[in-house]
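In what follows, a structure is listed as structure tokens, so that the remarks can point back to it.
Numbers for residues simply follow the sequence, beginning at 1. Just so it is clear, the values below take in all heavy atoms, side chains as well, and ignore hydrogens, waters and symmetry mates.
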Amino acid sequence: MELDSSHLLVSESPQTATKKSKKKRKREKERDEGAAAAQLKNEPTINEQPRFDVKLQLVNNQFDKTPPVVGYFPSGYNPHKTNDINNAQEPNLLLAAPPSVKLYRNAQRTKVEKSSGEKNEKGRSSERLELVVSPNESNVEFVGNSYKGEAMAAQLCTYALGVFDKATQTLKIMPIAGNKILRMEPKLRGSHAADKELATFENGEITADQRTARLRQLNVQYGPKKSIIQDKKMQALRKGDDPLSQKDLGRKIENAPINKDALESISGHGARNIPPYNSSAITPQEAYPLDGIIITGEWDFLEDIYKILQVGGEVSSNAYPTFVCNRIQKLREIQDEVEKKRLSCIFSYITHLIKFKDQHSLDGASSARNHQFPSILRQKFFEMFNPDRRRLSVEKIDLLISYVLVLTLYADDFRTFPADVSNDLRMNPATVKSHYRNLGCKMEREKNKYLIILSVPLEFPQPKRKFRKR
């Protein structure tokens with residue numbers, strides 16, 4: 001069956017008509033919005049701000065003036081609300097007193113800041129501040145500080161405050177106090193949290209023990225492996241300060257047997273002002289026990305010379321005494337590594353003793369200015385020699401010299417020449433020989449030089465008796 005094309009009706013589906021009508025309405029909407037925008041662009045805006053040609057002025061920090069302090073109140077408190085009430089023209093409203101504002105600064109850091117001048121930019125930016133805003137007739141006060149809480153977060157920018165003077169058309173840019181925007185937290189007035197913090201802030205820094213504990217904690221968490229091992233050794237040496245360890249040690253001492261003969265034969269440096277000795281020793285090593293001079297925990301901090309030799313380096317004559325430098329070749333020739341390490345540690349201990357003497361004397365302070373002491377030795381030397389006002393007493397100098405001379409005897413197998421150590425101690429050789437005699441040594445002539453020999457058993461010189469003339 002064939003259909004005539006004139007009888008066919010071509011019509012669009014309702015879905016197609018709907019789509020086209022939506023597109024049409026969208027185009028008309030866009031056309032209307034564009035026309036409205038063009039009309040608004042041509043018409044002037046009622047609230048448009050006028051433009052000014054201003055002169056920019058930068059204001060630097062002044063030590064005799066406090067820069068502006070900037071803070072914000074996350075609680076929603078508005079300190080300017082009282083000003084709005086006071087400025088109102090309604091006679092029924094009573095005048096509200098403005099809140100009191102107090103600024104606390106660290107006194108110690110302020111003194112350092114004033115003495116350092118313009119050179120210490122970092123010191124000024126790290127100044128500790130505390131701002132307290134106390135509303136009138138309220139038990140709540142707002143406290144903001146620049147040294148803890150939100151202020152301790154990483155800061156990658158510098159804050160400044162701009163003040164525009166319309167009369168002179170000048171915009172002043174000035175730094176803000178502490179380079180911090182303080183977060184004003186509400187706290188109860190007179191509470192432990194507010195008053196104690198202000199008192200702590202005014203008193204200054206944390207204690208030395210707290211600082212040491214914090215540094216140790218950081219070192220254990222983030223320090224290198226070598227530093228952590230060294231810290232563990234130091235803590236092991238400090239166990240004597242622990243009350244539990246002291247109690248356990250006291251119990252062991254009470255139960256330990258006592259050798260009265262050994263106590264009678266061994267004397268400390270209190271009587272003769274010399275290192276601990278054994279007057280009845282049968283060998284030179286027993287006469288002045290090395291363990292009584294260098295304790296067990298100190299050997300690990302005396303390996304500087306040994307490490308230099310291990311890498312094939314040279315020992316600098318500016319950093320080490322002449323006695324040590326003239327015997328480095330002897331160290332290199334030793335095949336036994338244990339003996340080489342032991343002798344290197346003795347040389348290092350001699351160096352620290354001589355440098356400690358130089359640091360606390362007038363004639364040698366410059367040579368020991370840059371010398372680095374292990375902390376365990378520095379503390380021990382201060383306890384042993386007790387320098388008063390950076391100077392050693394005559395008695396303590398003699399004791400230090402005795403320690404040095406005993407170690408020189410160990411270094412030269414108890415047969416030594418006094419020339420090198422006399423030069424290092426800045427003393428007359430005759431005076432050094434007198435100190436050797438006081439240690440129980442004897443003198444022999446060898447190749448037109450005096451040879452010092454430690455003989456056993458020890459024989460100390462007897463004091464000369466003075467007879468009255470008749």
Side-chain angles (χ1 to χ4, degrees), residues 54-84 86-87 96-136 138 140-187 189-191 193-206:
V54 299
K55 180 174 64 174
L56 191 64
Q57 180 180 355
L58 297 178
V59 181
N60 295 325
N61 270 329
Q62 299 181 7
F63 299 117
D64 56 343
K65 297 180 181 180
T66 301
V69 183
V70 181
Y72 73 98
F73 298 83
S75 61
Y77 169 71
N78 184 5
H80 300 289
K81 189 175 181 180
T82 55
N83 295 333
D84 297 339
N86 294 336
N87 294 334
S100 64
V101 180
K102 296 180 181 179
L103 177 65
Y104 297 89
R105 303 176 66 185
N106 188 290
Q108 295 181 358
R109 288 178 180 251
T110 304
K111 293 179 181 179
V112 174
E113 174 186 333
K114 290 183 178 180
S115 63
S116 61
E118 293 291 338
K119 297 181 181 179
N120 191 2
E121 296 290 340
K122 185 177 180 181
R124 287 202 304 275
S125 63
S126 62
E127 179 187 7
R128 287 190 169 191
L129 300 173
E130 185 154 309
L131 180 65
V132 180
V133 178
S134 303
N136 187 37
S138 175
V140 177
E141 62 184 5
F142 298 88
V143 181
N145 53 65
S146 64
Y147 57 91
K148 64 179 181 179
E150 185 180 85
M152 296 300 294
Q155 181 175 325
L156 304 178
C157 62
T158 300
Y159 294 105
L161 180 65
V163 179
F164 178 61
D165 188 353
K166 292 183 179 180
T168 59
Q169 300 290 307
T170 303
L171 178 62
K172 293 184 179 180
I173 306 296
M174 58 191 71
I176 64 175
N179 193 28
K180 299 284 186 181
I181 297 180
L182 308 182
R183 179 185 176 95
M184 308 301 295
E185 294 286 354
K187 296 182 180 181
R189 183 181 298 182
S191 64
D195 292 347
K196 186 175 181 180
E197 288 175 1
L198 292 177
T200 304
F201 177 79
E202 290 179 291
N203 290 338
E205 300 293 336
I206 61 177

### Task
Please tell me if the side chains of Pro135 and Tyr77 come closer than 4.5 Å, counting only heavy atoms from C-beta onward.
yes

### Message
Distance check, rounded to the nearest 0.5 Å: Phe164 atom CZ versus Thr170 atom OG1?
### Response
8.0 Å

### Task
Check for a donor-acceptor pair, side chain of Lys180 on one end and backbone N or O of Ala151 on the other, with a separation under 3.5 Å.
yes

#### Entry: Test side-chain contact (heavy atoms from CB on, under 4.5 Å) applied to Met152 - qualifying residues, sequence neighbours left out
Lys148

### Message
Can you give me the closest heavy-atom contact between Leu182 and Gly144, atom names plus distance?
### Response
CD1-O, 4.0 Å

### Query
How many angstroms lie between atom NZ of Lys55 and atom CG of Leu171, to the nearest 0.5 angstrom?
11.5 Å

### Worked verdict on Glu130 versus Val143 for side-chain contact (heavy atoms from CB on, under 4.5 Å)
CA-CA 7 Å; Glu130 185 154 309; Val143 181; 3.9 Å; yes

### Query
Which distance, rounded to the nearest 0.5 Å, do you find between the CG of Asn145 and the CG of Leu129?
9.5 Å

### Non-hydrogen side-chain atoms of Lys102 and Ser134 separated by less than 4.5 Å
no

### Message
Working to the nearest 0.5 angstrom, can you tell me the gap between Leu56 CG and Leu58 CG?
### Response
5.0 Å

### Message
Testing the basics here: between Pro68 and Leu161, what is the closest heavy-atom pair and its distance to 0.1 Å?
### Response
CB-CD2, 3.7 Å

### Message
Regarding Lys187 and Glu185, does a basic nitrogen lie under 4.0 Å from an acidic carboxylate oxygen?
### Response
no

### Query
Checking side-chain contact (heavy atoms from CB on, under 4.5 Å) for the pair Ser100/Asn136: CA distance, chi angles, key distance, verdict?
CA-CA 7 Å; Ser100 64; Asn136 187 37; over 6 Å; no

### Task
Could you walk me through whether Val101 and Leu103 pass side-chain contact (heavy atoms from CB on, under 4.5 Å), step by step?
CA-CA 7 Å; Val101 180; Leu103 177 65; over 6 Å; no

### Task
Please identify each residue that fulfils side-chain hydrogen bond (donor to acceptor under 3.5 Å, both in side chains) with Thr66, with sequence neighbours left out.
none

### Task
With sequence neighbours excluded, tell me which residues meet ring-ring contact (aromatic ring centres under 6.0 Å, His included) with Tyr159.
none

### Query
Considering only heavy atoms from C-beta outward, does the side chain of Pro67 approach that of Met174 to under 4.5 Å?
no

### Task
Could you tell me which non-hydrogen atom of Asn179 sits nearest to which non-hydrogen atom of Cys157, and how far apart they are?
ND2-O, 3.8 Å

### Query
Any idea how Phe73 and Phe142 line up, ring-wise: parallel (<30°), tilted (30 to 60°), or perpendicular (>60°)?
perpendicular

### Chi angles and distances behind the side-chain contact (heavy atoms from CB on, under 4.5 Å) call for Asp165, Lys172
CA-CA 8 Å; Asp165 188 353; Lys172 293 184 179 180; over 6 Å; no

